[in-house]
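See below for the structure under consideration.
Small disclaimer: the values here were computed from a predicted structure and weren't measured. Residue numbering restarts at 1 for every chain, and letters A, B, ... go by the order of the sequence lines.
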Amino acid sequence: MIDQKKARLAAIGAALVFVATIAVLLARQLNLGPERPAPDFRTFGPADAPVQIHEYTDFACPACRGAAGLIEEMLKVYGPGLRIHFKHYPLLNIHPWSLHAAAYADCAGAQGKFKEYAALLFEGQQHWAEAKEEPKQFAEYAARLGLDLDALRTCANAPETLKTIKLEIAEADMKGVNATPTFFINGKRAVGSGQLLDQARKFDSLLRKASPK
Amino acid sequence: MNAKPDNKEILGLLARLAVGGLFIYSGAIKALAPAEEFAYAIESYRVLNAQLSLYAAYVTPWVELWAGLLLAAGVFTRANALFIGAMLVFFELLLGQAWLRGLP
């Protein structure tokens, strides 16, 4: 009698586990949509590189600052084997100035200084990320790099600039991005520097074949 | 034949539904998201490396979901309650070591 009861419970438990597993697997919608290329000033490395990394970043995120250094290092080591597509994914709910920072960086890119402006944004992120009003650092960095500030401001507030960034946010949402930095290395997802290194190791032979002897 | 359930039984049922529901919710939202996201959170406790964190992130949400489901449904209640209690203690230990080490 007791064994029968246990068997019935086990059958109910197995059925519940099975149904829940199927339901969750069916509800999963991960990594939808293609990886669209970033604008030219935000792509680094040769177009035909065997390893393509799409990086979703927020300028106010400390982990992204660490990852930027790592990516820089990887570009130096693997050179022709690697192409980086830098994508914006400002976390609007926790970083109030990330969207603006991304817009300023893109507009600096239009003036030929994306990489330099991005480096300054990462370097000084603790000074502007939590600012109450529009951070004065955005203009300071522009002055340091000799950019046309008026043009930069107009561009950073232009609907077209913000639209580009918001489209990238939507693209990332479709791919299930929820944290920064998130990378897609030839389509394989990695979140954070640790996973990036782990995934990159899997493409080691491709990277080495293409890198200078 | 059908005796009216006493307060203790009703309280037990409510507790089971609350704790089980919490585990179902917690497991489901993690199982629905990419495992790499949860792995990144596990990495931040600095107990496992990136690779092991990823393996843990593949398994843990399903274990939470199934254990919560079985507890809420009253299947092998005692064993499940013990298992969930052990999981809670383990999570608290993880949190505690992060706090003691002053991790961000």
[atom2] on [Y] to [atom1] on [X], rounded to 0.5 Å:
{"X": "A:Leu9", "Y": "B:Thr77", "atom1": "CG", "atom2": "OG1", "answer": "8.0 Å"}
{"X": "A:Gln195", "Y": "B:Glu43", "atom1": "CD", "atom2": "CD", "answer": "5.5 Å"}
{"X": "A:Ile12", "Y": "B:Leu70", "atom1": "CD1", "atom2": "CG", "answer": "10.5 Å"}
{"X": "A:Phe183", "Y": "B:Glu36", "atom1": "CZ", "atom2": "CD", "answer": "13.0 Å"}

> What pair of heavy atoms forms the shortest contact from A:Gly176 to B:Pro34, and how long is it?
Replying inline: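 Looking at all heavy atoms of both residues, the shortest contact is O-CG, 3.7 Å.
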> Any side-chain heavy atom of B:Tyr40 within less than 4.5 Å of one from A:Pro181?
Replying inline: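 The answer is yes, as the side chains (C-beta and beyond) meet within the 4.5 Å cut-off.
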> Heavy-atom distance under 4.5 Å between the side chains of A:Thr182 and B:Glu37, does that happen here?
Replying inline: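 Yes. Closest side-chain heavy atoms under 4.5 Å.
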Atom [atom1] of [X] with >12 non-hydrogen neighbours under 6.0 angstrom:
{"X": "A:Lys202", "atom1": "NZ", "result": "yes"}
{"X": "B:Phe91", "atom1": "CZ", "result": "yes"}
{"X": "B:Asp6", "atom1": "CG", "result": "yes"}
{"X": "A:Glu130", "atom1": "CD", "result": "no"}
{"X": "B:Arg78", "atom1": "CZ", "result": "no"}

> What part of B:Ala39 gets closer than 4.5 Å to chain A, counting heavy atoms only: side chain, backbone, both or neither?
Replying inline: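 Looking at B:Ala39, backbone and side chain both touch chain A.
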> Contact part of B:Ala33 toward chain A, heavy-atom cut-off under 4.5 Å: side chain, backbone, both or neither?
Replying inline: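 Interface part for B:Ala33: backbone (N, CA, C, O).
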> Which residue, A:Val17, A:Thr21, A:Val24, forms the side-chain contact (heavy atoms from CB on, under 4.5 Å) with B:Leu65?
Replying inline: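 One option only clears the test, and that one is A:Val24.
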> What part of A:Ala23 lies closer than 4.5 angstrom to a heavy atom of chain B: side chain, backbone, both or neither?
Replying inline: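 Neither part, no heavy atoms under 4.5 Å.
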> Non-hydrogen atoms of chain B under 4.5 Å away: do they reach the side chain of A:Asn178, the backbone, both or neither?
Replying inline: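 Both backbone and side chain.
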> Short question: side chain of A:Asp198, backbone of B:Gln51 - any donor-acceptor pair under 3.5 Å?
Replying inline: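 Yes, the answer is positive, given that a donor and an acceptor are paired below the 3.5 Å cut-off.
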